[in-house]
Visitor: 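Dropping the structure in here first, questions after.
Here is the naming used below: chain letters follow the sequence lines, and residue numbers restart at 1 for every chain.
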Number of protein chains: 2
Amino acid sequence: METRELRYFVAVAEELHFGRAARRLGIAQPPLSRAIGGLERRLGTLLLERGSRGVALTGAGAVLLREARAALDAVEAAERRTRRAALAATGRPAVVLAAKAGASDELLAKLLDAYAAEPGAVAVDVVLCGPGEQARLLHDGRADVALLHRPFDDTAGFDTEDLHSEGQVAVLPVGHPLSVRPHVRLAEVTDLPDLPLPRWPRPDGTFPDGPGPQVRDHTQLTQLIALGRACAVVPESGRTGLREDLTAVPVPDAPHVTTVIAWPPHSRSTAVAGLVRAATAR
Amino acid sequence: METRELRYFVAVAEELHFGRAARRLGIAQPPLSRAIGGLERRLGTLLLERGSRGVALTGAGAVLLREARAALDAVEAAERRTRRAALAATGRPAVVLAAKAGASDELLAKLLDAYAAEPGAVAVDVVLCGPGEQARLLHDGRADVALLHRPFDDTAGFDTEDLHSEGQVAVLPVGHPLSVRPHVRLAEVTDLPDLPLPRWPRPDGTFPDGPGPQVRDHTQLTQLIALGRACAVVPESGRTGLREDLTAVPVPDAPHVTTVIAWPPHSRSTAVAGLVRAATAR
DNA sequence: CAGGAGCGATACCCGGGCGGTATCGCCCGC
DNA sequence: GCGGGCGATACCGCCCGGGTATCGCTCCTG
């Protein structure tokens, strides 16, 4: 199977429409139909159920969609990492670290300081990204290391090392009835009719249904809370640097959050190894 | 990058010789040279240092070799898993479980029994393989689940669940001076001049240097020990079913061995999930 | 030191396959 | 019943991947 075929299949499987997929790929529809047909013939199975109105995935098609995405990520990662290796040889070598924007700032700063103090440390390019984006960056080679947060982020498929564990707090607008309490139970904040929990985007960019407002980053979140339109439950470390018009109340029964450093298996470049060492040394 | 290019590059990087690589790929040498050249041009970097006698990998080339192998495994896995999904839809569905030959027999039997008793259990095809082979089978899609043994096997890149932990024993021929001791220290058996530790093959099939005899499987190992040509340190469970002319002596200071069940991340088919459940339920 | 062998690069040609346009066949909705 | 939407098919042209022949370079060798 060639990556071209995989790219074509993923496009059709995502669009569920040959015409749109072809447009997205920048080719005409007939070659696309033929490519998918050839793939199906060689695999000896139907991948797409052609109805008169659009198409649907078969069981085998669903499996191939999942596997093809992983394979294409791996190919992309190969290209990116090779390019970076070439760059590092003839210029300034660097590692790319992905971290969730607005989380673990303090830990991150300490980590960068500790690593920079190591002999032979290279430059660290920090990429701040939306929640849940780190895994993708690591998979497709745009990042070499990432800070993830269990149980929110999926650490499957990576090597990880635990760095820090902490409880969670509810962030509320100053003046809210609950904001004066010494602590609250999780159930009390998850279904406040006046302050619903916000909805974060899924990996594909769409939002789950629900009453809460849609948020994409930390600024939007704090702003919405300040406006009295939402509340949130976040790790303790999120209270540092909180706006004046917000308060944080501990939620003892919320699950603990563990910050971990993660890297792709078998890619212990000396730089990544150094970062991991610096992170765990403390 | 197309998988064809990756396959070509891996062939040359492994052979370090364009002619041989071309023969192995079943093509002529000139198209291979051109393909690699094109790859280098598009990546904007040299991947291979052409000396007058053969070639050598550059830094970027070494990175691409590692990444390309992973990517090709992923593509192969995509194809195999799709084929199996298609087969499962129209015939007898099955999961493939990889296990080291001659290890964890008892645990494996119990696991299979426990799973078979579950409602909706499908057939389990057990693939017994050489040590260290399981990870490869899992990576390239020939297996869906595997039993691995930490710290011997590399579990990086998989989801795992611990099943069992045990100490190790030294296996010696009956009559050996150490065989009557209640226990021995690891250092005592690792450098016996008369009974060297055997050498296991590396993933690429070659053997490390050393005094011990080369072994490829469990039968060869026991036979060599019985012949008085080697000794071995193996998990306790290896003493069950030992030949009469061999004895096992506990080695308390040897690292504990943990048997884990592993599966590729994000591939929790119901069958794999059932197996994991059956394995961890006890 | 000249000759030859080994190895990768280059030159050139051929054919298959990929992509394009035109059109068909089918099903659904009005 | 008819038109429109959608995927499949037919057919064509061109590019690119693969083949053969040959070159250029570097060692080794007698």
Side-chain angles (χ1 to χ4, degrees), chain A residues 1-62 64-65 68 71-72 75 78-79, chain B residues 1-62 64-65 68 71-72 75 79 86:
Chain A
M1 285 198 301
E2 291 303 312
T3 63
R4 184 181 50 83
E5 300 178 293
L6 292 179
R7 267 188 287 268
Y8 285 8
F9 174 73
V10 169
V12 178
E14 283 178 358
E15 299 284 349
L16 292 177
H17 189 292
F18 279 75
R20 273 199 304 275
R23 235 172 298 135
R24 187 173 117 188
L25 292 165
I27 64 171
Q29 170 257 320
L32 182 55
S33 282
R34 253 188 302 143
I36 303 290
L39 200 55
E40 291 179 321
R41 192 166 28 77
R42 261 186 307 137
L43 288 171
T45 182
L46 220 63
L47 297 170
L48 299 160
E49 207 74 65
R50 277 82 159 171
S52 57
R53 232 59 176 177
V55 291
L57 281 172
T58 65
L64 183 59
L65 177 57
L72 288 175
V75 171
E79 182 159 351
Chain B
M1 286 200 300
E2 291 302 312
T3 63
R4 184 182 51 84
E5 300 178 293
L6 293 179
R7 267 188 287 268
Y8 285 7
F9 173 74
V10 169
V12 178
E14 282 177 357
E15 299 284 349
L16 292 177
H17 189 291
F18 279 75
R20 274 200 302 277
R23 235 171 299 134
R24 185 173 119 186
L25 291 165
I27 65 171
Q29 171 257 320
L32 182 55
S33 283
R34 253 188 303 147
I36 303 291
L39 200 55
E40 291 179 322
R41 192 165 31 75
R42 262 185 306 135
L43 288 171
T45 181
L46 220 62
L47 297 170
L48 298 161
E49 208 74 65
R50 276 84 159 171
S52 59
R53 233 59 178 176
V55 291
L57 280 173
T58 65
L64 183 58
L65 177 57
L72 289 176
V75 172
E79 181 158 354

Visitor: First locate atom CD of A:Glu40, then atom OG1 of A:Thr45, and finally report the distance between them rounded to the nearest 0.5 Å.
Guide: 7.5 Å
Visitor: With side chains defined as the heavy atoms from C-beta onward, is the minimum distance between B:Arg24 and B:Glu14 less than 4.5 Å?
Guide: yes
Visitor: OP1 or OP2 of C:dC7 sitting under 4.0 Å from any side-chain N/O of B:Arg50?
Guide: no
Visitor: Considering all heavy atoms of both residues, which atom of B:Leu16 and which atom of B:Ala56 are nearest to each other, and what is their separation?
Guide: CD2-CA, 4.2 Å
Visitor: If you take any heavy atom closer than 4.0 Å to DNA chain D, which residues from residues 1-16 of chain A end up in contact?
Guide: none
Visitor: Of all the heavy-atom pairs spanning B:Arg50 and B:Leu48, show the shortest one and how long it is.
Guide: NH1-O, 3.0 Å
Visitor: At a heavy-atom distance below 4.0 Å, what parts of residues 26-49 of chain B sit against DNA chain C?
Guide: B:Gln29, B:Pro30, B:Ser33
Visitor: Out of curiosity, B:Leu64 CG to B:Met1 CE, how far, rounded to the nearest 0.5 Å?
Guide: 5.5 Å
Visitor: Using the side chain to side chain contact (heavy atoms under 4.5 Å, CB included) definition, which of the options A:Leu72, A:Leu32, A:Ile36 pairs with A:Phe9?
Guide: A:Ile36
Visitor: Strictly below 4.0 Å: does A:His17 bring a side-chain N or O up to OP1 or OP2 of D:dG5?
Guide: no
Visitor: Can you list everything that forms a side-chain contact (heavy atoms from CB on, under 4.5 Å) with A:Ser33? Sequence neighbours excluded, please.
Guide: A:Phe18, A:Gln29
Visitor: Given A:Leu57 and A:Leu47, is the side chain to side chain contact (heavy atoms under 4.5 Å, CB included) satisfied, shown in steps?
Guide: CA-CA 6 Å; A:Leu57 281 172; A:Leu47 297 170; over 6 Å; no
